[in-house]
Amino acid sequence: MSTNVFHRYANPTKFIGLASAIIPFAWGLTILLGGYGLYLGLFNSPADYQQGETVRIMYVHVPAAWMALGCYTTMAIASAIAIIWKHAVADLIAEETAVIGATFTVLCLVTGSLWGQPMWGTWWVWDARLTSMLVLLFLYLGFMALKNAFDDPQRGTQAARLIALVGWINVPIIKYSVEWWNTLHQPAAVARLDGPTIHPDMLTPLLLMGGAYMTLFTALLLVRVRSHIMERRARSIALALAEARGAGPDEDPAGLRDGATP
Amino acid sequence: MNAFFDMGGYAAFVWPSYAVTAVGLVFLIATTLLRQRRARTTLARLEAERDAAGLGHGQR
């Protein structure tokens with residue numbers, strides 16, 4: 001990747017053009033992959049010989065965990081690009097990814113708890129995998145809190161970039177926690193150096209659901225960043241209008257001056 | 001069909017997992033699309049106001 005590629009899509013107008021071309025495909029793929037994955041996962045895959053029907057929780061739990069880690073990595077890379085190349089859209093990508101990643105993390109924790117109770121006999125245990133995943137949720141929340149913690153948005157952005165980068169160290173810790181420490185959580189069954197240990201009848205719906213989560217994330221992220229750019233444009237037009245009408249700086253006709261972001 | 005909903009006796013864990021996932025994802029999708037609609041209408045309204053005020057394009 002040359003810096004030219006980054007600079008081309010650093011232009012918000014060009015970014016919107018690219019995003020608008022991708023968004024319909026991302027929604028379409030989400031429906032196709034998710035529909036087929038759910039069908040196989042719920043109706044056309046075997047129960048586990050040890051875990052019985054609870055193994056079907058895997059099809060919503062594991063993709064949520066993958067995306068929780070993937071979103072944080074996206075956030076860290078976007079923050080690095082924002083720092084190094086001063087890319088105008090990169091900070092928006094990091095900010096919008098945080099909300100989506102935090103939701104995936106909550107879904108991973110809740111479905112994991114619902115799987116842990118029947119299989120381990122407990123909803124929660126403070127072991128390495130579960131605790132490091134909870135820390136990931138707090139890192140997401142910390143990023144979002146820092147982003148809005150300062151009167152000067154630039155300072156908030158700088159602090160948020162830092163937590164995105166420093167906090168990324170938790171991602172490999174989560175991944176390898178099941179190998180480094182004794183934990184109730186089972187080890188990786190898909191992303192292994194010696195290949196997946198999971199039966200193809202279960203691997204197929206799992207990968208379909210993983211793909212659906214990824215395309216859903218793509219669609220959500222691009223739509224949100226595009227909305228964010230439109231909100232900024234609306235804000236600058238509102239300011240220009242207020243100035244042209246000779247209104248004082250306190251006047252804010254569109255109610256947009258500080259943060260139309262919901 | 002009852003056997004399907006019973007989930008081998010684990011219905012109380014399997015179905016809530018799917019339900020909470022559905023709620024979380026629908027919430028994300030709904031808030032994202034509502035925000036998009038609001039951003040579009042606000043921007044269109046302000047662009048019309050700007051053009052009516054004769055400020056022209058390219059105002060930053």
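What you see is a predicted model, and the numbers here were worked out from it, not measured in a lab. Values reported hereafter were calculated over all heavy atoms of this structure, with side chains retained and with hydrogens, waters and symmetry mates removed. Every chain is numbered from 1, with letters handed out A, B, ... down the list of sequences.
Using a 4.5 Å cut-off between heavy atoms, Arg226(A) touches chain B through its side chain atoms alone. With a threshold of 4.5 angstrom between heavy atoms, Leu42(A) approaches chain B through its backbone and through its side chain. Proximity to chain B is limited to the side chain of Thr103(A), based on heavy atoms less than 4.5 angstrom apart. For Ile100(A), the parts sitting under 4.5 Å from any heavy atom of chain B are the backbone and the side chain alike. Only the side chain of Met119(A) comes within contact range of chain B, with heavy atoms under 4.5 Å apart.
At least one donor-acceptor pair under 3.5 Å links the side chain of Tyr18(B) to the backbone N or O of Arg56(A). Counting only distance, with no hydrogens or angles, the side chain of Thr73(A) and the backbone of Leu69(A) share a donor-acceptor pair below 3.5 Å.
Highest contact tally toward chain B, considering only Leu114(A), Val223(A), Leu220(A), is held by Leu114(A) [criterion: heavy-atom pairs under 4.5 Å]. Among Leu34(B), Leu33(B), Val14(B), the residue making the largest number of heavy-atom pairs under 4.5 Å with chain A is Val14(B).
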request  = Walk me through it: do Phe4(B) and Trp15(B) pass the test ring-ring contact (aromatic ring centres under 6.0 Å, His included)?
outcome  = CA-CA 11 Å; Phe4(B) 171 70; Trp15(B) 294 120; 5.5 Å; yes
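Heavy atoms of other residues, nucleotides or ligands lying less than 6.0 angstrom from OH of Tyr36(A) number 12 at most.
Checked against Tyr72(A) for a ring-ring contact (aromatic ring centres under 6.0 Å, His included), the options Tyr140(A), Phe104(A), Phe138(A), Phe217(A) give a single hit: Tyr140(A).
Between the side chains of Gln186(A) and Gln51(A), at least one donor N or O lies within less than 3.5 Å of an accepting N or O.
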